[in-house]
Trainee: 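Here's a structure for you.
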Amino acid sequence: MDTLAFIPTLALWLTAFVALQHLGFLVLEMFLWTRPAGRKAFGLTREFAESTRVLAANQGLYNGFLAAGLAWGCWLGAAGADIRVFFLGCVVIAGVFGGATASWRILPIQALPAAVALALTLL
């Protein structure tokens, strides 16, 4: 038995985790941005959250598209590997950019899980 046979399953599960993360980001950015949970998650003042609400909702929508693409790739199983590679690559690039421009905390939260899932998918 091949000792690495579990890798495709692990890649799918980790990709599903990344999809769920982005679904959570959608909820935080589109629906909770100005509420206490959203402000606490992002360390925002009430005034800043209110003034950036539309921008956050737009960002949340993009996270929803990433979640949908990742879920689609998972749903297709082995046939969705190329789709997963594309969307995981998008998440890694967005996470690295966000880590460099917004907050270093984006790297371990967003980019790292996606990079690991991408590497496992490519194996």
Side-chain angles (χ1 to χ4, degrees):
M1 180 172 179
D2 185 6
T3 57
L4 300 178
F6 69 94
I7 289 180
T9 302
L10 182 59
L12 276 173
W13 280 103
L14 190 52
T15 301
F17 170 75
V18 174
L20 288 173
Q21 277 186 305
H22 283 78
L23 188 61
F25 299 153
L26 173 147
V27 171
L28 278 170
E29 293 166 349
M30 291 190 82
F31 305 111
L32 301 178
W33 187 257
T34 60
R35 299 194 180 200
R39 292 196 321 265
K40 182 178 178 187
F42 293 103
L44 308 174
T45 64
R46 181 182 308 244
E47 295 78 22
F48 183 81
E50 286 294 336
S51 69
T52 58
R53 183 162 91 191
V54 173
L55 293 172
N58 186 53
Q59 185 171 294
L61 184 61
Y62 282 95
N63 278 307
F65 289 135
L66 290 172
L70 292 167
W72 176 35
C74 287
W75 181 69
L76 292 174
D82 290 342
I83 294 165
R84 292 193 311 275
V85 166
F86 173 78
F87 282 99
L88 287 167
C90 290
V91 171
V92 171
I93 292 167
V96 169
F97 183 79
T101 60
S103 170
W104 69 269
R105 294 185 322 148
I106 294 171
L107 290 171
I109 292 170
Q110 179 176 338
L112 182 60
V116 172
L118 178 59
L120 292 173
T121 301
L122 291 171
L123 281 177

Trainee: How is the hydrophobic cluster of Ile109 composed, in terms of its other members, when Ile, Leu, Val, Met, Phe, Trp and Tyr link through side-chain heavy atoms under 4.5 Å apart, directly or indirectly?
Mentor: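 Cluster partners of Ile109: Phe25.
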
Trainee: State plainly whether one hydrophobic cluster holds both Leu23 and Leu32, where clusters connect Ile, Leu, Val, Met, Phe, Trp and Tyr through side-chain heavy atoms under 4.5 angstrom apart.
Mentor: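 Different hydrophobic clusters.
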
Trainee: Answer yes if Leu44 and Leu28 sit in the same cluster of Ile, Leu, Val, Met, Phe, Trp and Tyr residues linked by side chain heavy atoms under 4.5 Å apart, and no otherwise.
Mentor: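 As far as the 4.5 Å side-chain criterion goes, Leu28 and Leu44 are connected within one cluster.
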
Trainee: For residues 68-77, which residue pairs pass the salt bridge (Lys or Arg N to Asp or Glu O under 4.0 Å) check, not counting sequence neighbours?
Mentor: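 Those involving residues 68-77 do not exist here.
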
Trainee: Would you please name every residue forming a side-chain hydrogen bond (donor to acceptor under 3.5 Å, both in side chains) with Arg53, sequence neighbours left out?
Mentor: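 Testing Arg53 for side-chain hydrogen bond (donor to acceptor under 3.5 Å, both in side chains), a comparison that skips the adjacent residues, returns Glu50.
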
Trainee: Which donor-acceptor pairs under 3.5 Å do side chains of residues 82-89 form with protein atoms, sequence neighbours excluded?
Mentor:
residue : atom : partner : partner atom : Å
Arg84   : NH1  : Gly73   : O            : 3.0
Arg84   : NH1  : Gly77   : O            : 2.6

Trainee: When hydrophobic residues are tied together by side-chain contacts of less than 4.5 Å, even through go-betweens, does Val27 share a cluster with Leu61?
Mentor: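 Yes.
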
Trainee: Which residue pairs pass the side chain to side chain donor-acceptor pair (under 3.5 Å) test when at least one of the two sits in residues 32-44, sequence neighbours left out?
Mentor: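 Qualifying pairs, neighbours excluded: Trp33-Thr52.
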
Trainee: A quick test of your reading: do over 12 heavy atoms of other residues, nucleotides or ligands sit less than 6.0 Å from OH of Tyr62?
Mentor: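 Open.
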
Trainee: Can you give each donor-acceptor pair under 3.5 Å made by side-chain atoms of residues 111-122, sequence neighbours left out, with the distance rounded to 0.1 Å?
Mentor:
residue : atom : partner : partner atom : Å
Thr121  : OG1  : Ala117  : O            : 2.7

Trainee: Is there a continuous path of hydrophobic side-chain contacts, each under 4.5 Å between heavy atoms, that joins Val91 to Leu20?
Mentor: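 The answer is no; the residues belong to distinct hydrophobic clusters.
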
Trainee: Compare every heavy atom of Ala67 with every heavy atom of His22, then report the nearest pair and how far apart it is.
Mentor: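 Heavy atoms only, the tightest pair is CB-CB, 4.0 Å.
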
Trainee: Taking side-chain contact (heavy atoms from CB on, under 4.5 Å) as the definition, give me every residue that meets it alongside Thr101, ordered by chain and number, with sequence neighbours left out.
Mentor: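 Here the qualifying residues are Phe97.
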
Trainee: Report the residues that fulfil side-chain hydrogen bond (donor to acceptor under 3.5 Å, both in side chains) with Gln59, sequence neighbours left out, ordered by chain and then residue number.
Mentor: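 Partners of Gln59 by the side-chain hydrogen bond (donor to acceptor under 3.5 Å, both in side chains) criterion, ordered by chain and then number, come out as Glu29.
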
Trainee: Hey, can you pull the donor-acceptor pairs under 3.5 Å for the side chains in residues 5-17, sequence neighbours left out?
Mentor:
residue : atom : partner : partner atom : Å
Thr15   : OG1  : Ala11   : O            : 2.7

Trainee: When clusters are formed from ILVMFWY side-chain contacts under 4.5 Å, directly or step by step, what else is grouped with Ile93?
Mentor: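 Its cluster partners, ordered by chain and number, are none at all.
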
Trainee: If Ile, Leu, Val, Met, Phe, Trp and Tyr residues are connected whenever their side-chain heavy atoms lie under 4.5 Å apart, and connections chain through other members, are Leu26 and Leu55 in the same group?
Mentor: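 Each belongs to a different hydrophobic cluster.
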
